[in-house]
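Below you'll find the structure, written out as structure tokens, and then a few comments.
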Amino acid sequence: MKHYLSIILTALAVTLAAGTYTLDDLVTAGLNDSYAMRQKEIMRQNSGLSLRSAAWNLLPSAEVSASRTNRDGDHSSQASLEFARTLSLTEPAWFNYKSAKIDQGKAALDWRQTRKETVYSIYSAWLDLDQLNREIAIQTENLTVLQKVREQTALQQSLGQRTVYDVRQAEINYINTQLAISELNNQLAAQRARLFNLVKLEDDGSDLAFDTAEEAALAIDFSAAGDENMSLQQIREDIRMTRLSKLQQKLSLFPSLYLSGRYGQYSNNNDLLAFSDYEDSYTLSAGLSWSLWTPWTKGSGYAQTANSLALKEMQLDEETAGLRLDRDNLKREWNHLLETLSLNARKSTQAKDNLAIAQEKYRLGALSLIELEQARVDALEAELAVNKITFQLQKKTQEWNLLNSMPILNKY
């Protein structure tokens, strides 16, 4: 009893020491280290810095100066503090601030969209790897069946019940499956390399902790989608930016109005710290100007911006219609996959039962190798189809979330 307990504890320790990669591990690595995410993060930070700079530019200018002059031993000092601000109908500082604020919103949307796309790409590659693993397991079980057939055929040939052709054909079928498994293992290695390259993580050869596919996971709540996704939100932000530019250009067609103000304190006292001796100065001015050539120099720019706005609004309508079409297509594909999954599952059950009957008949010499091979291929193809469609449905669940800017894997 102690011997068996020691073996169990040793096996458990080895398993824990080996370590495994989970999907969350790879997603976290991908989000932290992918070039696309780093690029979008820097762009988001830069948009925040631009907004901060634009906000500071809204403040009046402030200048402080101090000087001390020596002329043939005669010292004089001068200091001043000035605040100035000019406001115009097309105030650049205000429009720059509004533009920077819209840019910050667009950068945030772009970052979120890239994050979702990165997670979906990792999840998709993860599922492809899991699907290959299960295909190898199915083909390995198939190889066991073929090994048994090969042994039975050789035995029956020695008893005069089968021909040399049957023996060779059974051997060929066995080799074909070995080749199929070899090809799948090659694909598995390539897909694993792609996955780890995608997440920018060094592959130490640890196992991947795949979850067992559950029927509960193969469900989509199609009523949960909102009216728009982040792609539409980004277009709306572009429209806001174009409307702002159109407003600025429209105002530039009118006479230019401006209001300017300046406040300062000046001192000519040699004691620069004698603040009571500082003198105040105020300046306030207003003006109006208009160039005779304004309709020609600025009218074309306004018309171009108006045309751009009309195109962007058309683009929004097109993208909205495209989103509806993509949703309808995904729903149709989902229903088709569910139907084919159900049919292939039924086919797989019956094909496996037929294969068991065929194997028994073949053992008794009542069935030809060709008939047995047909039963085996039917069972194999149905099981592979069930496996493939199951993973396609799993992908579709997250593809729907990505399409509608909903949380990927319920968290990203």
Side-chain angles (χ1 to χ4, degrees), residues 27-28 30-59 90-124 198 200 224-252 301-327 330 398-409 411-412:
V27 169
T28 300
L31 292 178
N32 289 338
D33 298 328
S34 75
Y35 169 77
M37 285 305 303
R38 288 185 176 183
Q39 181 188 42
K40 299 303 180 183
E41 178 60 28
I42 290 174
M43 292 174 65
R44 188 173 67 157
Q45 292 175 3
N46 287 344
S47 68
L49 294 173
S50 296
L51 178 61
R52 186 183 306 172
S53 177
W56 279 103
N57 285 330
L58 292 173
L59 298 176
T90 57
E91 178 58 37
W94 185 83
F95 281 99
N96 289 341
Y97 172 75
K98 296 294 290 184
S99 297
K101 196 168 185 180
I102 294 174
D103 280 337
Q104 185 187 43
K106 289 172 60 179
L109 285 172
D110 202 16
W111 179 86
R112 288 169 55 198
Q113 180 66 18
T114 302
R115 188 170 188 264
K116 288 182 179 296
E117 290 173 353
T118 300
V119 173
Y120 177 78
S121 296
I122 296 170
Y123 177 69
S124 180
L198 182 63
K200 306 303 178 187
D227 294 333
E228 60 180 41
N229 58 12
M230 274 191 281
S231 296
L232 295 183
Q233 293 178 42
Q234 289 173 330
I235 297 175
R236 292 186 189 280
E237 291 299 302
D238 286 336
I239 290 176
R240 286 183 59 201
M241 182 71 81
T242 308
R243 284 176 177 168
L244 182 66
S245 178
K246 180 183 176 184
L247 174 62
Q248 187 177 19
Q249 294 191 12
K250 184 176 182 179
L251 292 176
S252 70
Y302 172 76
Q304 290 175 354
T305 304
N307 290 336
S308 297
L309 178 60
L311 287 175
K312 290 186 181 296
E313 289 174 341
M314 290 175 60
Q315 181 188 5
L316 179 61
D317 292 338
E318 286 292 316
E319 291 291 335
T320 302
L323 176 61
R324 296 194 194 102
L325 180 61
D326 289 342
R327 285 172 174 170
L330 198 150
Q398 302 309 319
E399 185 179 338
W400 175 260
N401 291 336
L402 179 64
L403 178 63
N404 296 284
S405 300
M406 297 165 64
I408 307 294
L409 301 175
K411 64 176 74 173
Y412 301 103

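No experiment lies behind these values; they were computed from the predicted model shown.
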Spacing of CG belonging to L325 relative to OG1 belonging to T320, to within rounding of 0.5 Å: 12.5 Å
I would like to know whether K200 and N32 meet side-chain contact (heavy atoms from CB on, under 4.5 Å); could you show each step before the answer? CA-CA 9 Å; K200 306 303 178 187; N32 289 338; over 6 Å; no
Closest approach of P407 to K411 (non-hydrogen atoms, all atoms of both residues): CB-N, 4.0 Å
Can you see which heavy atom on L316 is nearest to which on R236, and at what distance? CD2-NH1, 3.6 Å
Tell me if a side-chain donor or acceptor on S252 pairs with a main-chain N or O of Q249 at a distance below 3.5 Å. yes
Main chain of F95, side chain of S99: is a donor-acceptor contact present, judged purely on distance under 3.5 Å? yes
Any side-chain heavy-atom pair from R115 and M37 closer than 4.5 angstrom? yes
Of all heavy-atom pairs between L309 and R243, which one has the smallest distance, and what is that distance? CD1-CG, 3.6 Å
Could you tell me whether a side-chain N or O of S53 sits under 3.5 Å from a main-chain N or O of L49, the two making a donor and an acceptor? no
E41-Q45 side chain donor-acceptor pair, cut-off 3.5 Å: yes
Does D103 reach the main-chain N or O of S47 with its side chain, forming a donor-acceptor pair under 3.5 Å? no
How long is the gap from CD on Q234 to CG on N229, to the nearest 0.5 Å? 8.5 Å
Interatomic distance, OG1@T305 vs CG@L247, rounded to 0.5 Å, equals 11.0 Å
Between K116 and the options M230, M406, Q398, the side chain to side chain contact (heavy atoms under 4.5 Å, CB included) test singles out M230
Which atoms form the tightest heavy-atom contact between T118 and S34, and what is the distance? CG2-OG, 4.3 Å
If you take all heavy atoms of Y97 and A54, which pair is closest and at what distance? CA-CB, 3.7 Å
Salt bridge or not between D110 and R44? Use side-chain N to carboxylate O under 4.0 Å. no
One should read off an interatomic distance between I408 CD1 and W400 CH2, to the nearest 0.5 angstrom, of 12.5 Å
Taking only Lys NZ, Arg NE, NH1 and NH2, and the carboxylate oxygens of Asp or Glu, determine whether K98 and E91 approach each other closer than 4.0 Å. no
Value rounded to 0.5 Å, distance of CD1 in I102 from CE in M241: 4.5 Å
Please check if any side-chain donor atom of E117 sits under 3.5 Å from a side-chain acceptor atom of Q113, or the reverse. yes
NZ of K40 to CG of L109, rounded to nearest 0.5 Å, is 11.5 Å
Could you tell me whether the side chain of L409 reaches within less than 4.5 Å of the side chain of V119, counting heavy atoms only? yes
Does the side-chain contact (heavy atoms from CB on, under 4.5 Å) test come out yes or no for E399 and Y120, once each step is laid out? CA-CA 8 Å; E399 185 179 338; Y120 177 78; 3.9 Å; yes
Taking all non-hydrogen atoms of both residues into account, name the closest pair between Y412 and V27 and its distance. CZ-CG1, 3.5 Å
Derivation and outcome, side-chain contact (heavy atoms from CB on, under 4.5 Å), residues N404 and R327: CA-CA 9 Å; N404 296 284; R327 285 172 174 170; 2.5 Å; yes
